[in-house]
Amino acid sequence: MCKFLKEFGAMKEKQKGMETRLKETENQVLELKKKETFKIAFSAATGGGGPIGPFSTATTIIYRTVITNVGNAYNQHTGIFAAPVAGVYYFTFFYHAGGNQIVSLALVKNNEVIVTAYDHKTSHDGADNGGNAAFLQLQQGDQVYVRLSANTHVWGDSQITTFSGVLLYPL
């Protein structure tokens with residue numbers, strides 16, 4: 001009987017260990033599933049075929065030609081990306097513009113300028129291209145967009161003036 005009780009006690013300890021490992025594995029699977037559900041990436045272009053601006057006030061650029069919008073976090077009617085989940089994101093913007101006018105763009109998070117791209121007006125420069133990029137840690141609901149400064153311009157096109165972003169990993 002004593003031997004049976006010892007074996008039974010050992011089996012109970014082994015079962016507790018297995019239950020603990022099972023619970024840890026279940027938690028890991030849930031975390032992986034949670035991360036997998038947050039697939040967010042977008043690319044959009046301004047569309048059109050002419051100048052955007054100059055405007056008398058700073059203006060959010062609306063990228064109407066959506067190339068991809070996985071997760072539907074980019075709004076093609078407002079030009080604003082709204083973070084559906086907290087995480088680290090990567091954003092880029094590129095522009096094409098005539099060289100005879102000033103270009104000034106800013107990547108903006110919740111009304112705070114993060115990075116800019118700028119080019120001076122010249123009389124001998126036919127066209128300008130530029131852009132910038134940044135990694136941003138966002139909270140759910142944070143807004144990111146590209147703002148055109150007052151009295152500046154870019155060229156609207158479906159392929160060369162673009163705004164893109166991707167969730168690298170949720171937090």
Side-chain angles (χ1 to χ4, degrees), residues 1-47 52 58-96 104-118 129-149 154 156-171:
M1 183 74 162
C2 192
K3 183 179 176 187
F4 174 74
L5 287 174
K6 283 182 182 178
E7 286 179 12
F8 182 72
M11 286 174 61
K12 274 186 94 168
E13 285 301 314
K14 192 173 185 179
Q15 181 185 4
K16 281 183 185 178
M18 289 175 71
E19 286 174 353
T20 300
R21 286 195 313 243
L22 176 62
K23 194 66 167 167
E24 288 172 357
T25 302
E26 286 173 343
N27 288 338
Q28 289 172 345
V29 168
L30 287 173
E31 275 298 310
L32 288 172
K33 282 183 178 179
K34 182 179 168 186
K35 286 182 180 181
E36 226 175 80
T37 60
F38 299 122
K39 293 182 180 175
I40 299 156
F42 78 95
S43 281
T46 55
I52 297 172
T59 303
T60 299
I61 294 182
I62 299 173
Y63 297 83
R64 297 186 196 293
T65 303
V66 174
I67 299 163
T68 188
N69 195 6
V70 176
N72 295 314
Y74 173 73
N75 185 324
Q76 72 188 62
H77 304 290
T78 64
I80 297 173
F81 171 86
V85 296
V88 174
Y89 293 78
Y90 179 67
F91 292 94
T92 64
F93 66 96
F94 295 96
Y95 72 85
H96 175 76
S104 180
L105 294 172
L107 182 70
V108 179
K109 170 189 165 189
N110 297 333
N111 215 24
E112 174 191 352
V113 173
I114 304 298
V115 294
T116 62
Y118 183 86
N129 295 290
N132 213 331
F135 293 95
L136 296 177
Q137 184 173 330
L138 302 179
Q139 298 303 314
Q140 184 177 10
D142 281 349
Q143 296 184 337
V144 178
Y145 51 95
V146 178
R147 185 167 56 205
L148 181 68
S149 296
V154 293
D157 188 272
S158 294
Q159 297 165 330
I160 56 177
T161 299
T162 61
F163 177 36
S164 300
V166 62
L167 171 64
L168 299 176
Y169 55 88
L171 295 176

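Only this structure's heavy atoms are used, side chains among them; waters, hydrogens and symmetry mates stay out.
For Ala83 against Gln139, the heavy-atom pair with the smallest separation is CB-O, 3.6 Å. Heavy-atom minimum distance, Ile114 versus Ala134: CG2-CB, 4.1 Å. For the pair Gln143 and Ile80, the tightest heavy-atom approach, listed with the atom from each and the gap, is CB-CG2, 3.7 Å. The minimum heavy-atom distance linking Thr60 with Gly79 is given by the pair CG2-O, 4.3 Å. Here the closest non-hydrogen pair linking Ala45 and Asp157 is CB-O, 3.6 Å.
Partners of Phe135 according to the ring-ring contact (aromatic ring centres under 6.0 Å, His included) rule, which considers only residues two or more places apart in sequence or in another chain, are Tyr90. Glu19 pairs by the side chain to side chain donor-acceptor pair (under 3.5 Å) definition with Gln15, not counting sequence neighbours. In terms of the side chain to side chain donor-acceptor pair (under 3.5 Å) criterion, residue partners of Asn110 (sequence neighbours excluded) are, by chain and number, Asp142. Residues satisfying the ring-ring contact (aromatic ring centres under 6.0 Å, His included) test with Tyr95, not counting sequence neighbours, are none. Qualifying side-chain contact (heavy atoms from CB on, under 4.5 Å) partners for Leu148, counting only residues two or more places apart in sequence or in other chains: Ile52, Phe55, Ile61, Leu105, Thr152, Val154. Residues that satisfy the ring-ring contact (aromatic ring centres under 6.0 Å, His included) test with Tyr145, not counting sequence neighbours, are absent from this structure. Under the side chain to side chain donor-acceptor pair (under 3.5 Å) criterion, Thr59 pairs with no residue at all, not counting sequence neighbours. Remark: Lys23 engages Glu26, Asn27 in a side-chain contact (heavy atoms from CB on, under 4.5 Å) (not counting sequence neighbours). Phe93 is linked by a ring-ring contact (aromatic ring centres under 6.0 Å, His included) to nothing, counting only residues two or more places apart in sequence or in another chain.
Going from atom CG of Leu171 over to atom CD of Gln140 covers 12.0 Å, rounded to the nearest 0.5 Å.
A 4.5 Å side-chain heavy-atom check between Thr20 and Glu24 finds at least one atom pair inside the cut-off. Within the 4.5 Å cutoff, no side-chain heavy atoms of Lys14 are placed close to those of Met11. Arg147 places a side-chain heavy atom less than 4.5 Å from the side chain of Asn111.
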Next item on the list: Let me see the working for Ile40 and Val85 under side chain to side chain contact (heavy atoms under 4.5 Å, CB included), right down to the final yes or no.
Entry: CA-CA 9 Å; Ile40 299 156; Val85 296; 4.0 Å; yes
Item checked: Intermediate values then yes/no, ring pair (Phe, Tyr, Trp, His ring centres under 6.0 Å), Phe42 and Tyr63 -> CA-CA 11 Å; Phe42 78 95; Tyr63 297 83; 8.5 Å; no
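Residue pairs that meet the side chain to side chain donor-acceptor pair (under 3.5 Å) test with at least one member in residues 65-84, sequence neighbours left out, do not exist here.
The backbone N or O of Val88 sits nowhere less than 3.5 Å from a side-chain atom of Gln137 that would complete a donor-acceptor pair.
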Please tabulate, for the side chains in residues 160-170, all donor-acceptor contacts under 3.5 angstrom to protein atoms that are two or more places apart in sequence or on a different chain.
residue: Thr161; atom: OG1; partner: His96; partner atom: N; Å: 3.3
residue: Thr161; atom: OG1; partner: Trp155; partner atom: O; Å: 2.6
residue: Ser164; atom: OG; partner: Ser43; partner atom: OG; Å: 2.7

